[in-house]
Amino acid sequence: MSGDSADVTSQSDVARTAARESDAPTLLGKGVENSPLEHGRAYLQRLRGGEMGALPAIGGLLVLFVIFHFANDLFTTPRNMANLITQAAPLVVLGMALVFVLLLGEIDLSAGVTFGVAMAVFVKYTQPDGLSWPVALLLSLGIGFTIGFVIGFFVARIGVPSFVVTLGLFLGLQGVILMIIGAGGTYRLIPEPIKAIQNSNLAPWEGWALLALVLAILVGVAMWDRVRRSRAGAPNPSIWIPMVKLIAIAAVGVAFVLFLNIDRGGVNRAIQGVPIVVPFVLAIGMVGTYVLDRTRFGRYMYAIGGNREAARRSGVNVTLIKWSAFVICSSLAVVAGLLFVSRVGSADASTGREIVLSGVAAAVVGGVSLFGGRGRLMHAAVGALVIATIENGLGLLGFSAGATLAVSGGVLILAATVDALARRRSGAVT
Amino acid sequence: MNQPIIELKSVTKSFGPVNVLKGIDFTAHEGRVTALVGDNGAGKSTLIKGLAGVQPYDGGEVLFEGEPVHLHHPRDASRHGIEVVYQDLALCDNLDIVQNMFLGREEMATGAFDEGRMEVEAAAALQSLNVRTVSSLRQKVASLSGGQRQTVAIARAVVKQARVVILDEPTAALGVAQTEQVLNLVRRLADNGVAVVIISHNLQDVFQVADDISVLYLGSMTARLRREDTNADDVVGYITGTKSMEAMA
Ligand SMILES: Nc1ncnc2c1ncn2[C@@H]1O[C@H](COP(=O)(O)OP(=O)(O)O)[C@@H](O)[C@H]1O
Ligand SMILES: [Mg+2]
């Protein structure tokens, strides 16, 4: 609302308003930020207030790219970039899965072994003379759903801390994987369509079609928003604000598709195109973001993460939403597992054991708060790219897996520190 | 007086062995400000949490416009136009002003939020309260001062055409100027025909804004007075238990 509306105000009211305004802190912009300049200023103010979002992670990612580009000739080749994407994909999805529980200030340490169990079942039962893969896939998703349901029961219904419940499952489910697969056993992944997700590519024109589709959706949603706002009589921000965002996304998208459409195969065989996993991850990210930003369910997740009791008093069914968050997390974790075995090509007793902390790290590095209430799926995706880039780049430089682990751990602690500081900065009480 | 919009008949509430409300009678009228006073622990917050549906009563009767109603869930209260501004500010720091004002009753259009409409209604609610300090509807509540938060909390209560607004110690944490402002909002609400119940420790505030005064003492309603028939000394007497209606009768 703007302050200059001419309504009936008595002299004393005006005086009092002035008095109040003097002891109020400086405010962001005015009303809806209408011009790009105001928008920019409000954004800067939010940054200074500790709401940095994915900015540190994006900066970090750029720095890593520059460093690895100059440190190793192979890093920014089309082949390695495609490799990096498939390497990062399971982590991106796992990170996004974890956002749903992290937003509530909860955690799921069992997300990795959850996909371990589901994939042990999937891979074992899709061996020759086993089940058809769609049936096995449904079964695995059902396992994820069930595990999430059980966690949700203990956490949301009974009130056991999620850290304890999921730590217990982290240990227990490893036992279950062992029982399914047998110690030292390994099953090869057989179904071709599942292998294709991480090992085949879209045709070059399909890559462009995908980009066009994504842009069309983004433009459509932006226009729809503007139409609805003006229908409601609310002021629309300058058209340039969504335009600049869309142009930036389009530019990155074009570069991405162009680069991945370069032939990266050997002399005998052409390999080119956007990996098939990309549309999968995009679809999960876009649907999830829609739910979090534009539906009651999503809004209530943020509300519970911000102030549980306030949410409850506003009529939010806290138990139900918490419960669902764990179901979503575990189910999406199974999808992450599918991408994982698709890439690795097999499942064994350790599948999913190590990855969960990288998933949490991905989300936190990307700007998702461990304290709940703050974070987006996009943050987890960027964070996952950071972690995957560190692994990929250090691997190319010949560092040991140990060094990679140590660096990733350091980055996680750094990110968590930034999170804690940002929280202090935003004036939230501990 | 005409029919009260809210009438409580001998409501009770206990936590385990502790009887916090021991059969309370209480009324609130449209267009009037009813002050609920009493010492710490008298049961004031418990009384209003029952009306809000967040902590239902154990026994007794609640009449809304003369009809018995059951308030077992915040939505039940909301449906009757009963809105509460809590003592411990019930706002989400990580959400913005509009999101907080519409939390739990978002405007939807085709399955997604109608943000524009919520913004317009939020602005109208703030305007109807003559609030001008809040310059951006889209700023996070975390960045607001105590007085501004209280303003948002009150605006939240009126954005949906509330008929009964209950405020639990709305001025306890505020400075002089901000208190004045909040009391003005309270008066304006009542003048618009809303039944207002205000809990306060500050008798000066109470006498400035209230039409009726109800006194709780250790879980019992010891006095229900009209402002013009009483004075601060009497009210202090009821609050501290040195005076009671029965003794006078
Ligand atoms: N959830 C609860 N569990 C147990 N005791 C409670 C609870 N809520 C309030 N009480 C007790 O009920 C009494 C009245 O509390 P309250 O209604 O908050 O008083 P007031 O708001 O008048 O200061 C106090 O003794 C308090 O300790
Ligand atoms: Mg109280």
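To find a chain, count down the sequence lines: A is the first, B the second, and so on, and within it residues start at 1. What's counted below: heavy atoms across the whole structure, side chains too, no hydrogens, waters or symmetry copies.
The two residues F113(B) and R296(A) come nearest to each other via the heavy atoms CZ-N, 3.6 Å. Residues G116(B) and A232(A) approach most closely at C-CB, 3.7 Å, considering heavy atoms. Residues Y300(A) and G104(B) approach most closely at OH-CA, 3.3 Å, considering heavy atoms. Scanning all heavy atoms of the two residues, the minimum distance from L91(B) to N307(A) falls at O-ND2, 2.9 Å.
Contacts between D293(A) and chain B at a heavy-atom distance below 4.5 Å involve the backbone alone (N, CA, C, O). With a 4.5 angstrom heavy-atom cutoff, E121(B) does not touch chain A via any of its atoms.
Counting heavy atoms of neighbouring residues, nucleotides and ligands inside a 6.0 Å radius, atom CE of M243(A) does not exceed 12 of them. Counted within 6.0 Å of CH2 on W224(A), heavy atoms from surrounding residues, nucleotides or ligands total more than 12; the atom is thus considered enclosed.
Per-residue heavy-atom pair counts under 4.5 Å with chain B were compared for R231(A), R308(A), R312(A), and the maximum is reached by R312(A). Chain B forms more heavy-atom pairs under 4.5 Å with one residue of G298(A), A303(A), G372(A) than with any other, namely A303(A). The most heavy-atom pairs under 4.5 Å with chain B, out of S314(A), G306(A), G305(A), S230(A), come from S314(A). When L103(B), D76(B), V120(B) are compared by the number of non-hydrogen pairs under 4.5 Å with chain A, L103(B) comes out ahead. Most heavy-atom pairs under 4.5 Å with chain A, from the set E115(B), M108(B), R117(B): that is M108(B). Contact count versus chain B (heavy atoms, under 4.5 Å) is highest, among V316(A), I304(A), T295(A), for T295(A).
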Exercise. When you look at R313(A) and V54(B), which way does the side-chain contact (heavy atoms from CB on, under 4.5 Å) test go after all the steps?
Worked result: CA-CA 6 Å; R313(A) 289 179 189 175; V54(B) 301; 3.8 Å; yes
For this session: Output, in order, the C-alpha distance, side-chain angles, deciding distance and verdict of side-chain contact (heavy atoms from CB on, under 4.5 Å) for N94(B) and F371(A).
Result: CA-CA 11 Å; N94(B) 58 334; F371(A) 301 101; over 6 Å; no
Exercise. Under the salt bridge (Lys or Arg N to Asp or Glu O under 4.0 Å) criterion, do K49(B) and E309(A) qualify, and how do the steps go?
Worked result: CA-CA 13 Å; K49(B) 279 180 183 160; E309(A) 182 59 17; over 6 Å; no
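Using modelled atom types, no side-chain atom of R294(A) and backbone atom of A112(B) make a donor-acceptor pair closer than 3.5 Å. When atom types are taken as modelled, the side chain of R228(A) and the backbone of A109(B) share a donor-acceptor pair closer than 3.5 angstrom.
Between the CG atom in N317(A) and the CZ atom in R75(B) there is a gap of 8.0 Å [rounded to 0.5 Å]. Residue L95(B) holds its CG atom at 6.5 Å from CZ of R299(A), rounded to the nearest 0.5 Å.
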